[in-house]
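Reviewing the structure listed below.
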Amino acid sequence: MKFLSFSYKDTPTYGVKVKREDSAWILPKLFEEFGEDKDYPKTLLEGITKYNTLDFQEIVRTLVEKAEAYDNNHLFKAPFTEIEFLAPVAPPNNLICFGRNYKKHAEEMNNEVSLTVFTKANSSLVGDEGSIDAFTDLTSELDYEGELGVVIGKEAHNVQPHLALDYVYGYTIVNDITARDLQKSLKQFFLAKSLAAPIGPYIVTKDEVPSLNDVSIVTKVNDEIRQDGSTRDMILPVEEIISEVSKYVKLMPGDIIATGSPEGVAAGMEHPDFLESGDVVRVSINGIGTLTTYIE
């Protein structure tokens with residue numbers, strides 16, 4: 001299932017993608033019309049938090065089946081042409097990011113391969129098809145990093161690697177927008193990486209991505225392929241990432257971990273070609289979709 005948050009007719013809401021249609025079932029409407037729980041979740045984060053992962057999916061699946069059998073089911077749908085995509089969830093903790101988790105990316109940045117964890121502010125979250133500023137008053141080196149995002153489905157603390165995927169709700173796409181000059185001059189990551197954090201378009205439940213051993217990650221800038229990597233090149237796989245973070249941070253339902261970026265960022269080029277106004281960045285991950293961001 002592909003869950004999403006969006007604004008429809010000026011109202012923030014959430015839903016699940018309609019199969020074979022560019023539209024979404026509006027889940028609050030389905031809960032109101034067909035649900036048994038009148039205290040239903042009003043946001044996707046509430047849904048992930050309130051129910052066990054599989055329970056929530058089964059509840060939603062039952063609601064969708066009832067809606068599909070309804071004569072006027074168009075009343076419960078929102079066409080993608082009429083919605084504004086929002087970040088699927090706002091993580092309870094800041095967006096947690098793993099750096100230097102791809103050897104070639106660390107090498108192109110002249111960095112040692114080492115455990116590097118940082119966060120991005122929740123206020124920087126941007127949905128699919130969203131626009132972000134070029135931030136020319138702050139940086140002349142705005143860069144992209146296409147990454148697989150892991151969405152936590154239940155509270156996780158001191159989790160062993162072999163159990164880690166039991167705590168995953170699903171997967172999304174993250175573009176770790178970074179001001180490289182600020183990253184160097186400020187000698188820390190948080191401010192340089194909190195200008196913007198595009199996420200989306202969906203959270204795809206983990207049953208639809210059964211293996212993370214070789215998932216492709218492709219980033220294009222103005223249709224030019226800049227990154228063409230695979231999760232097989234990760235230094236730490238997803239299970240170990242979750243286990244490592246959970247040693248120090250109690251992960252909560254809805255938390256997102258960005259798992260690192262493959263090589264091909266602008267800063268790693270012989271002649272760096274950083275983002276500027278008018279550029280379009282698309283990050284595509286097999287089984288999830290494409291996250292598009294416009295630079296203003």
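For the single chain, residues carry numbers from 1 onward in sequence order.
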**Report entry** Note, V151 side chain near F3 side chain (heavy atom, < 4.5 Å)
**Finding:** no
With distance as the sole test, does D128 use its side chain to make a donor-acceptor pair with the main-chain N or O of G200 at under 3.5 Å?
no
Pairwise side-chain contact, L212 with L148, heavy-atom cut-off 4.5 Å (strictly under): yes
Item to check | Main-chain N/O of T119 paired to N94 side chain as donor or acceptor, under 3.5 Å | outcome: no
Applying salt bridge (charged side-chain N to carboxylate O under 4.0 Å, His left out) to K104 and not counting sequence neighbours gives none
Query raised in the report: How far apart are the C-alpha atoms of E107 and E263, what are their side-chain angles, what is the distance that settles it, and do they pass the side-chain contact (heavy atoms from CB on, under 4.5 Å) test?
Result: CA-CA 9 Å; E107 290 173 348; E263 76 275 12; over 6 Å; no
Taking the side chain as C-beta and beyond, is there a heavy-atom pair between E141 and L182 under 4.5 Å?
-> no
Say whether, by atom type as modelled, one donor and one acceptor occur between the side chain of D255 and the main chain of I152 under 3.5 angstrom. no
Sequence neighbours excluded, the answer for side-chain hydrogen bond (donor to acceptor under 3.5 Å, both in side chains) partners of N122 is none
With sequence neighbours left out, the residues meeting side-chain hydrogen bond (donor to acceptor under 3.5 Å, both in side chains) with K206 are none
| task | May I ask you to test the V150-I241 pair for a side-chain heavy-atom distance under 4.5 Å? | result | no
Check your understanding: Is any side-chain heavy atom of L251 less than 4.5 Å from a side-chain heavy atom of I257?
Key -> yes
* Asked: For the side chain of S124 and the backbone of A121, is there at least one donor-acceptor N/O pair under 3.5 Å apart?
  -> yes
Nearest heavy-atom contact between V215 and S211 is CG2-O, 3.5 Å
request  = Report yes if the side chains of D37 and K50 come closer than 4.5 Å at any heavy-atom pair, otherwise no.
outcome  = yes
Under the criterion side-chain contact (heavy atoms from CB on, under 4.5 Å), I'd like the reasoning laid out for T205 against Q57: C-alpha separation, chi angles, the key distance, then a yes or no. CA-CA 9 Å; T205 51; Q57 291 178 40; 3.4 Å; yes
When rounded to the nearest 0.5 Å, the distance separating CD1 of I256 from CG of L125 is 7.0 Å
Residue pairs meeting salt bridge (Lys or Arg N to Asp or Glu O under 4.0 Å), one or both in residues 78-100, sequence neighbours left out, come to none
Closest heavy-atom pair, V126 versus G130, reported as atoms and distance to 0.1 Å, is CG1-CA, 3.9 Å
Exercise. Okay, side chain of Q227, backbone of P262: is any donor-acceptor separation there less than 3.5 Å?
Worked result: yes
Here the gap from F85 atom CZ to S7 atom OG, rounded to the nearest 0.5 Å, amounts to 12.0 Å
So the ring-ring contact (aromatic ring centres under 6.0 Å, His included) pairs with at least one residue in residues 19-42 (sequence neighbours excluded) are F31-Y40, F34-Y70, F34-F76
Side-chain donor-acceptor contacts of residues 13-22 below 3.5 Å, not counting sequence neighbours, with atom names and distances?
{"unit_1": "Y14", "atom_1": "OH", "unit_2": "P41", "atom_2": "O", "d": "2.8"}
{"unit_1": "K17", "atom_1": "NZ", "unit_2": "E21", "atom_2": "O", "d": "2.7"}
{"unit_1": "E21", "atom_1": "OE1", "unit_2": "S23", "atom_2": "OG", "d": "2.9"}
{"unit_1": "E21", "atom_1": "OE1", "unit_2": "K77", "atom_2": "NZ", "d": "3.3"}
{"unit_1": "E21", "atom_1": "OE2", "unit_2": "K77", "atom_2": "NZ", "d": "3.0"}

_Between D279 and K220, does any NZ, NE, NH1 or NH2 come within less than 4.0 Å of an OD or OE carboxylate oxygen?_
no
Q: Answer yes or no: is there a side-chain heavy-atom contact under 4.5 Å between V64 and L30?
A: yes
Closest non-hydrogen atoms of Y102 and S230, given as atom of the first, atom of the second and distance, are CE2-O, 3.2 Å
Grouping ILVMFWY residues whenever side-chain heavy atoms fall under 4.5 Å, the cluster of Y294 otherwise contains V280
| Counting distance only, does the side-chain N/O of D143 pair as donor-acceptor with the main-chain N or O of A267 below 3.5 Å? | yes
CG of L291 to CD1 of I199, rounded to nearest 0.5 Å, is 8.5 Å
Applied to residues 222-246, the salt bridge (Lys or Arg N to Asp or Glu O under 4.0 Å) test, sequence neighbours excluded, yields D214-R232, D223-R282, E224-R226, R226-D273, E244-K247
In terms of heavy-atom contacts, V159 and A164 come closest through CG1-CA, 3.6 Å
Determine whether more than 12 heavy atoms belonging to other residues, nucleotides or ligands lie under 6.0 Å from atom NZ of K42. yes
Nearest heavy-atom contact between I177 and K120 is O-NZ, 2.9 Å
task: Examine distances only and state if a side-chain atom of E108 and a backbone atom of M269 form a donor-acceptor pair shorter than 3.5 Å.
output: no
query = Less than 4.5 Å apart, any side-chain heavy atom of V238 and any of L165?
reply = yes
Shortest non-hydrogen pair, A192 vs Q183, comes out as CB-N, 3.4 Å
- prompt: Do K29 and E32 meet the salt-bridge criterion of a basic N to acidic O distance under 4.0 Å?
  reply: no
Sorted by chain and number, sequence neighbours left out, salt bridge (charged side-chain N to carboxylate O under 4.0 Å, His left out) with E33 holds for none
The remaining residues in the hydrophobic cluster of L86, counting side-chain heavy-atom contacts under 4.5 Å among Ile, Leu, Val, Met, Phe, Trp and Tyr, are none
Interatomic distance, CD@E58 vs CG@L63, rounded to 0.5 Å, equals 11.0 Å
Going by chain and number, the hydrophobic cluster around F274 (ILVMFWY, side chain to side chain under 4.5 Å) further includes none
**Prompt:** L44, Y8: one ILVMFWY side-chain cluster at the under-4.5 Å cut-off?
**Reply:** no
* **In one Ile/Leu/Val/Met/Phe/Trp/Tyr side-chain cluster, 4.5 Å: I96, V89** => no
Going through the distances and angles, do N158 and S246 end up as a side chain to side chain donor-acceptor pair (under 3.5 Å)? CA-CA 5 Å; N158 286 323; S246 74; 5.6 Å; no
Distance col, row L142:CG vs S277:OG, nearest 0.5 angstrom, shows 11.0 Å
| field | side chain to side chain donor-acceptor pair (under 3.5 Å) evaluation trace for S216 with N286 | value | CA-CA 6 Å; S216 72; N286 275 1; 3.2 Å; yes
Taken to the nearest 0.5 Å, the spacing of I235 CD1 from K103 NZ works out to 8.0 Å
_Heavy atoms from other residues, nucleotides or ligands near NZ of K38 exceed 12 (cutoff 6.0 Å)_ = yes
Main chain of A266, side chain of Y144: is a donor-acceptor contact present, judged purely on distance under 3.5 Å?
yes
### Test item: E147 side-chain N/O and V174 main-chain N/O as donor-acceptor pair under 3.5 Å
no
Residues at least two apart in sequence or cross-chain that pass salt bridge (charged side-chain N to carboxylate O under 4.0 Å, His left out) with E46, listed by chain then number, are none
If you draw a 6.0 Å radius around CD in E36, do more than 12 non-hydrogen atoms from other residues or ligands fall strictly inside?
no
Checklist entry - Going by the angle between their ring planes, with limits at 30° and 60°, are F189 and F118 parallel, tilted or perpendicular? => result perpendicular
Quiz item: Would you say D71 has more than 12 foreign heavy atoms packed within less than 6.0 Å of its CG?
Solution: no
Discussion item. Would you say the rings of Y169 and Y51 are close, in the sense that their centroids are separated by under 6.0 Å?
Written reply: no
